[in-house]
Number of protein chains: 2
Amino acid sequence: MDLADLLKEYVPFTHDELNGILAHFTKESIPKNELLVREGQICRKLYFVEKGIGRSYYIKEDGKEVTQWFFGEGAFMSSVDSFFNQSQSHYYLEVLEDAVLYSISLDNIDLLLAQYHKMERLVRLITIDMLTKVVNKLNALQFQTARERYDYMISEYPDISYRVPLGHIASYLGMTQETLSRIRKNEG
Amino acid sequence: MDLADLLKEYVPFTHDELNGILAHFTKESIPKNELLVREGQICRKLYFVEKGIGRSYYIKEDGKEVTQWFFGEGAFMSSVDSFFNQSQSHYYLEVLEDAVLYSISLDNIDLLLAQYHKMERLVRLITIDMLTKVVNKLNALQFQTARERYDYMISEYPDISYRVPLGHIASYLGMTQETLSRIRKNEG
DNA sequence: TTCATTATTTGATCTAGGTCAAATGAAAGT
DNA sequence: ACTTTCATTTGACCTAGATCAAATAATGAA
């Protein structure tokens with residue numbers, strides 16, 4: 001998934017606008033398992049995932065990791081709250097596979113917002129998209145069985161479901177590894 | 001909670017800007033139990049709750065209502081996804097107490113966005129706030145016991161917790177009425 | 001390839017919280 | 001005040017999924 005294409009899907013930028021915007025992104029190649037943000041740090045960048053998979057997670061008092069979100073190819077990845085408010089992150093952000101990311105700082109977003117009026121629309125649409133996705137997951141978690149939540153995962157993130165460790169998915173779906181393993185066994 | 005005060009908290013508007021913005025809102029007095037939006041309709045307005053409490057919910061296949069969100073005094077209320085994308089709402093939106101609301105259409109927001117550059121910032125901040133709140137609830141639901149989820153509710157929405165029917169809160173927290181009733185009994 | 005480490009599966013319990021059903025209490029209309 | 005309707009509580013019981021523990025399987029480093 002190409003960043004330029006994605007941006008055009010959101011807002012009909014001209015060729016020049018698009019180049020102006022893309023120029024503020026930095027291409028980064030990140031090796032597997034690298035942490036981009038730790039809990040308590042401020043998340044300085046918004047990332048676009050061109051290749052690879054990212055995830056955000058937190059660690060419960062009992063030491064267990066809970067996956068909060070997966071970021072597949074074509075997604076914007078960040079510790080959203082921390083990034084937009086430049087406040088301490090409640091989450092870790094990591095890359096699960098060797099990844100190619102395009103990153104942009106909040107300062108650069110602000111520059112672009114000042115420079116291109118259409119940028120505001122872009123940011124607004126992106127945050128509303130994120131909101132919609134989170135609400136969808138919320139609904140899946142709120143009143144569905146473990147099995148139904150897994151089905152939701154498969155339909156929403158078919159690719160991710162088979163590329164990341166089972167335990168990550170289980171905690172993302174609010175169930176234990178063992179339960180997810182048993183669900184998988186009885187599939188199809 | 002006053003709308004003007006809230007807007008000023010988000011963005012340092014001048015007196016004139018503030019008046020220009022407020023002029024695009026319509027004051028509405030809505031009686032208890034009125035439905036603002038039905039499932040399948042397009043949510044045409046964003047509401048600010050000055051007085052009263054609203055909630056959004058959906059109805060499961062088995063006919064049971066699931067509360068998706070509460071909107072207390074000082075909150076912006078809408079079927080967010082439907083409103084911003086002017087798409088069909090997955091939710092019902094209703095008022096649980098006689099309410100005083102200030103509403104604005106998406107067209108009017110667009111007018112304001114075109115007129116005041118600071119408006120973009122306002123909308124962005126409001127949507128990010130919503131996002132943060134939804135993410136918080138998601139975390140509460142994902143790996144907490146019924147009791148912990150109730151505690152979260154009390155701390156996040158102390159006023160609402162004692163003003164709306166128990167069943168609404170129970171489904172909001174992803175548990176049955178009976179369970180919530182028992183939790184309440186053992187409080188304090 | 002071998003060994004060490006980490007991930008997944010499987011089995012045997014156990015329990016939080018769901019379901020069903022009935023009793024009690026609170027509101028709202030006449 | 002009386003009745004109907006709706007909300008909450010309480011009790012008895014039951015399951016989805018957690019926990020604990022051990023056996024395989026997969027991955028990676030040397």
Side-chain angles (χ1 to χ4, degrees), chain A residues 31-35 52-53 55 57 59-67 70 92 94-98 139-154 160-188, chain B residues 31-35 52-53 55 57 59-67 70 92 94-98 139-154 160-188:
Chain A
K32 186 172 172 166
N33 294 328
E34 185 154 313
L35 273 179
I53 295 179
R55 74 158 182 151
Y57 66 95
I59 297 181
K60 286 201 299 179
E61 317 77 61
D62 63 8
K64 285 186 189 151
E65 288 182 6
V66 176
T67 298
F70 290 111
Y92 293 82
E94 73 172 1
V95 145
L96 297 175
E97 298 178 350
D98 293 343
N139 292 334
L141 275 178
Q142 196 159 359
F143 260 102
Q144 293 190 260
T145 62
R147 179 61 207 252
E148 288 167 331
R149 279 176 273 153
Y150 180 65
D151 291 343
Y152 149 83
M153 172 86 193
I154 291 290
I160 293 179
S161 308
Y162 288 101
R163 279 163 64 185
V164 310
L166 179 115
H168 292 356
I169 296 174
S171 73
Y172 175 78
L173 294 175
M175 67 184 76
T176 60
Q177 236 184 92
E178 294 92 327
T179 296
L180 180 54
S181 174
R182 285 185 245 260
I183 287 172
R184 275 207 173 155
K185 207 174 99 177
N186 307 336
E187 267 187 295
Chain B
K32 185 171 173 168
N33 295 328
E34 185 154 314
L35 273 179
I53 295 180
R55 74 157 183 151
Y57 66 95
I59 298 181
K60 287 201 297 177
E61 317 77 59
D62 63 9
K64 285 187 186 150
E65 287 183 5
V66 176
T67 298
F70 290 112
Y92 293 82
E94 73 172 1
V95 146
L96 297 174
E97 298 179 349
D98 291 344
N139 292 335
L141 275 179
Q142 196 159 359
F143 259 104
Q144 292 189 261
T145 62
R147 178 61 205 252
E148 288 168 330
R149 278 176 273 154
Y150 181 65
D151 291 343
Y152 148 84
M153 172 86 194
I154 292 291
I160 293 179
S161 309
Y162 289 100
R163 279 163 64 186
V164 309
L166 179 115
H168 291 357
I169 296 175
S171 72
Y172 175 77
L173 294 176
M175 67 184 76
T176 60
Q177 237 183 92
E178 294 94 326
T179 296
L180 180 54
S181 174
R182 286 184 246 261
I183 286 173
R184 274 208 172 154
K185 208 176 100 177
N186 306 337
E187 266 187 295

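As the structure is a computational prediction, the values presented were derived from the model and not from experiment. So you know, we letter chains A, B, ... as the sequences are listed, proteins then strands, and number each from 1.
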Spacing of [X] atom [atom1] and [Y] atom [atom2] [to the nearest 0.5 Å]:
{"X": "A:Leu173", "Y": "A:Tyr150", "atom1": "CG", "atom2": "OH", "answer": "9.0 Å"}
{"X": "B:Arg149", "Y": "B:Leu141", "atom1": "CZ", "atom2": "CG", "answer": "6.0 Å"}
{"X": "A:Thr145", "Y": "A:Ile183", "atom1": "OG1", "atom2": "CD1", "answer": "7.5 Å"}
{"X": "A:Gln142", "Y": "B:Met175", "atom1": "CD", "atom2": "CE", "answer": "10.0 Å"}

Would you mind reading off the distance between [X] atom [atom1] and [N] atom [atom2], rounded to a whole angstrom?
{"X": "A:Asp98", "N": "D:dG28", "atom1": "CG", "atom2": "P", "value": "11 Å"}
{"X": "B:Asn186", "N": "D:dT9", "atom1": "CG", "atom2": "C1'", "value": "12 Å"}
{"X": "B:Leu166", "N": "D:dC6", "atom1": "CG", "atom2": "P", "value": "17 Å"}

Apply side-chain contact (heavy atoms from CB on, under 4.5 Å) to residues A:Ile53 and A:Val164 and explain how you reach the verdict. CA-CA 8 Å; A:Ile53 295 179; A:Val164 310; 3.9 Å; yes
Quick one: does B:Asp98's side chain have a donor or acceptor within less than 3.5 Å of a partner on B:Pro31's backbone? no
Carboxylate-amine/guanidinium proximity below 4.0 Å for B:Glu65 and B:Arg55: yes
Might you list the N or O atoms of the protein lying below 3.5 Å from N or O atoms in nucleotides 15-21 of chain D, with each pair's distance?
{"residue": "D:dG17", "atom": "OP1", "partner": "A:Ala146", "partner atom": "N", "Å": "2.6"}
{"residue": "D:dA18", "atom": "OP2", "partner": "A:Thr176", "partner atom": "N", "Å": "3.2"}
{"residue": "D:dA18", "atom": "OP2", "partner": "A:Thr176", "partner atom": "OG1", "Å": "3.0"}
{"residue": "D:dA18", "atom": "OP2", "partner": "A:Thr179", "partner atom": "OG1", "Å": "2.5"}
{"residue": "D:dT19", "atom": "O4", "partner": "A:Arg182", "partner atom": "NH2", "Å": "3.3"}
{"residue": "D:dC20", "atom": "N4", "partner": "A:Glu178", "partner atom": "OE2", "Å": "3.2"}

side-chain contact (heavy atoms from CB on, under 4.5 Å), that's the test. Do A:Phe143 and B:Ser171 meet it? Break it down for me. CA-CA 8 Å; A:Phe143 260 102; B:Ser171 72; 4.0 Å; yes
Can you tell me if the side-chain N/O atoms of B:Lys185 get under 4.0 Å from OP1 or OP2 in D:dT9? no
If each of B:Lys32 and A:Val164 is mapped to the nucleotide of DNA chain C with the nearest heavy atom, which maps nearer the 5' terminus, i.e. the 5' end? A:Val164
Students should find that the nucleotides of DNA chain C closing off the region near chain A, any atom under 4.0 angstrom from a heavy atom, are C:dT8 to C:dA12
